[in-house]
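In what follows, a structure is listed as structure tokens, so that the remarks can point back to it.
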Amino acid sequence: KSGGPRVVYWFRTDLRLHDSPALAHALSLNPSRLIPLWTWDPHYVYRQRGSANRWAFLVACMSDVSGSLAKLNPNQKLHVVRAAPTQVMGPLLRRWKIDVLVFERDTDAYARARDAEVTRIAEEAGVRVVSLSGRTLFDSDEIVKANGGRPTMSMSQIVKAAEKLGGGGGGGGEPARPVDAPKELPDPLDAADMDLGGIEKEMEGDVDEQKPSFAGAGQGDFNAVQRTSSPGKITQYSVGLMGPDGTFSVPTLEEMGIDPADVTTPHVGGETAGLAVLKKYIDDEEYVGTFEKPATAPTDFEPQATTLLSPHMHFGSVSVRKFWWDVQDVLARRKKEKKHNSSEPVNLPGQLLFRDMYFAAHAKVGVAFGQAVGNPVARFIPWHLQSKYSVNERGEYRSEGTYLVDDPQAEEYFRRWKEGRTGFPWIDALMRQLRREGWIHHLGRHAVACFLTRGGCYVSWERGAEVFEEWLIDHEVACNAGNWMWLSCTAFFSQFYRCYSPVAFPKKWDPEGHFVRRYVPELARFDKKYIYEPHKAPIADQKKWGCLVRGDGSKKDDKGEGGEGRMYPKPMFDFNERRQFCIDKVKEAYDVGLYGDDEKVRTGEWKKL
Ligand code: FAD
């Protein structure tokens, strides 16, 4: 190995050692030296909204990988360099005399632009660059090709496209089998050779501000000008390239300016934790064999009804192909034993195919996938609180903030939805769970997304996606934007006359209202008869149960009239009236039939229609 190449393995959303085709490739080069590297990307640090919960999950993933690397070779760890990859990669590769740079392929619009730039820089420095697919079941670009160069907009398209991929793609609609985790690792460079002293001088651009050099290339720019969401908490992230102790350490939350007390999620990051979750489900053959997504209760908690592996899918702490094959092996065994198995798309493999469908659609559409204007697959609906965009000279869309259309109430509806004080306990419970824990069940996401857009508030899906972007631990541009388009009937799904009732729907799952009682504790003592419509309870009962239903939720306690105690808001509108309003408006828009990339949309002429 002494004559082998010097290799940098660049970790990003692949924070695992098992089934990593790119990492396996890096090791197959028989490197004389290997530097597992993480660069702190300012796009995520400064630009994307992100809650403390997501940062905590990420740091746990990084620490876990670092520990696993050290177990294979005590000289190894994740080497964290706290600078923008586009700025620091060139100087690092030169200083460390690297021969090959390897990373997992990422088809997100932002990541593509970043990786193209880093590849250019590396190649200019004489470094060979290898990137391999591993984030999805199938290579998203190959899926698009197999789908006739079009974005995958339905389950049957992704299934057919996957069937066409042969050989390395697994063939016959099946992804490749997972690759083994490494059993040993070469050393990094000797400490003196790793030294970064004075490297700032070699970095291009303003190191302190760490501005990415390609504006407009991702959902992080979404509403950069006037955000309705609070900005991410990271404000004082400047502790030098190698951290306070000068050892390439994984940063602590405090070093990033995050108060650990703001971490309120019970969900734990890291490959070790993720694989344990996967194993728990795989060991439960009955669960895996009979899993049917529409039959899982959105009101279940501790444990929730679905696997909650999505944050691990996002950070790559569990391989999606391992998830797929572990499930398939259970299904095959059960089939042999003549036991009932549920089928696609409602079973677990079906869920993973949905994920691949959104990834491939996003891979094709690019940056416009995350927004209404300029998006060729999104029907244009003149929602209230629509984003306003302009197109720059490179054809990239930039937000210029939001403007109200017709309805001064829309901003208020949006704020109350976000803050969990709509007066609809089911919606409020979900939004509070989202904020506190960073995850809600798929049908819960359905409920709040439908309510905000076409089933109540008539607010743009972009506003909702932005809140999910901030609070979800599993936030994934492709899945988030794709599902918001689905729920708002702008793409993928078009039955806009079918809306979720915030009363009848949860009642079906949870007639006692356990879920609401947990996340809206002021209603905990209400009789189940009123748990989804507390404003209908007689005042005497409200008093008896310790909570008055009045106001708009901006005040928590009623000190005025006898100090009865807690308050919960009245419903912010008549749901049936608003549902009809939305259905009528969406129908009108469907009749006009514009899409986001239509000239009339881009020029604002749609307002006259
Ligand atoms: P399970 O039911 O256990 O499914 C297993 C895995 O399949 C998930 O971990 C996930 O990776 C994948 N999956 C399941 N359903 C979907 C789906 N509809 N779309 C894409 N992948 C799916 N998922 C995200 O990963 N990130 C997001 O930002 C995101 N935003 C969403 C926004 C809205 C409005 C809606 C309706 C859904 C969104 N989803 C998103 C999809 C889905 O709700 C979550 O993936 C799922 O609820 C995660 O829980 P789980 O891991 O228990 O899922």
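Order of listing sets the numbers, starting from 1, for every ligand and every atom in it.
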Considering heavy atoms of the protein only, find what lies nearest to [atom] and give residue, atom and distance to 0.1 Å.
{"atom": "atom 28 (O) of ligand 1", "value": "Glu476 N, 3.1 Å"}
{"atom": "atom 8 (C) of ligand 1", "value": "Ser310 CB, 4.1 Å"}
{"atom": "atom 7 (O) of ligand 1", "value": "Gln351 CB, 3.4 Å"}
{"atom": "atom 40 (C) of ligand 1", "value": "Arg445 NH1, 3.3 Å"}
{"atom": "atom 2 (O) of ligand 1", "value": "Lys293 NZ, 3.0 Å"}
{"atom": "atom 26 (N) of ligand 1", "value": "Asp474 O, 2.9 Å"}
{"atom": "atom 19 (N) of ligand 1", "value": "Asn483 ND2, 3.1 Å"}
{"atom": "atom 49 (O) of ligand 1", "value": "Trp439 NE1, 3.2 Å"}

Just which atoms of ligand 1 are under 4.0 Å from any heavy atom in [X]?
{"X": "Leu487", "value": "36 (C)"}
{"X": "Met313", "value": "9 (O), 11 (O)"}
{"X": "Phe468", "value": "32 (C), 33 (C), 34 (C)"}
{"X": "Phe291", "value": "2 (O)"}
{"X": "Leu352", "value": "6 (C), 7 (O)"}
{"X": "Leu309", "value": "9 (O), 51 (O)"}

Please state whether Phe323 comes within less than 4.0 angstrom of ligand 1, counting heavy atoms only.
yes

Below 4.0 Å from ligand 1: does a non-hydrogen atom of His446 turn up there or not?
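Yes, His446 has a heavy atom closer than 4.0 Å to ligand 1.
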
Quick test of your reading of the model: are [X] and [Y] salt-bridged, counting only N-O distances below 4.0 Å?
{"X": "Arg16", "Y": "Glu104", "result": "yes"}
{"X": "Asp283", "Y": "Lys279", "result": "yes"}
{"X": "Lys145", "Y": "Asp139", "result": "no"}
{"X": "Glu286", "Y": "Arg334", "result": "yes"}

Short N or O distance, [X] and ligand 1, threshold 3.5 Å exclusive:
{"X": "Tyr358", "answer": "no"}
{"X": "Leu308", "answer": "yes"}
{"X": "Trp484", "answer": "no"}

May I ask you to check whether [X] and [Y] show a side-chain donor-acceptor distance below 3.5 Å?
{"X": "Asp584", "Y": "Gln580", "answer": "yes"}
{"X": "Thr152", "Y": "Asn147", "answer": "no"}
{"X": "Asp19", "Y": "Ser319", "answer": "yes"}

Hey, do the aromatic rings of Phe492 and Tyr358 have their centres closer than 6.0 Å?
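Yes, the ring centres sit under 6.0 Å apart.
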
Do Phe573 and Phe424 make the cut of ring centroids closer than 6.0 angstrom?
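That pair passes the under 6.0 Å test.
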
Which bit of [X] gets closer than 4.0 Å to ligand 1, counting heavy atoms only: side chain, backbone, both or neither?
{"X": "Glu469", "result": "neither"}
{"X": "Tyr281", "result": "neither"}
{"X": "Arg355", "result": "both"}
{"X": "Leu472", "result": "side chain"}
{"X": "Trp486", "result": "neither"}

Taking only residues two or more places apart in sequence, or in another chain, which ones meet Phe468 in a ring-ring contact (aromatic ring centres under 6.0 Å, His included)?
Trp484

Look at the aromatic rings of Trp38 and Trp40 and report parallel, tilted or perpendicular, splitting at 30° and 60°.
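If you compare the ring of Trp38 with that of Trp40, the planes turn out tilted.
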
Run through His312, His475, His267 and flag the one making a ring-ring contact (aromatic ring centres under 6.0 Å, His included) with Phe57.
His312

Would you give me the side-chain donor-acceptor pairs under 3.5 Å for residues 294-302, sequence neighbours excluded?
| residue | atom | partner | partner atom | Å |
| --- | --- | --- | --- | --- |
| Thr296 | OG1 | Lys293 | O | 2.7 |
| Thr296 | OG1 | His441 | NE2 | 2.8 |
| Glu302 | OE2 | Arg518 | NH2 | 3.3 |

Test Asp474 against every option in Arg355, Arg445, Arg54 by the salt bridge (Lys or Arg N to Asp or Glu O under 4.0 Å) rule and name the one that passes.
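Among Arg355, Arg445, Arg54, the one meeting salt bridge (Lys or Arg N to Asp or Glu O under 4.0 Å) with Asp474 is Arg445.
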
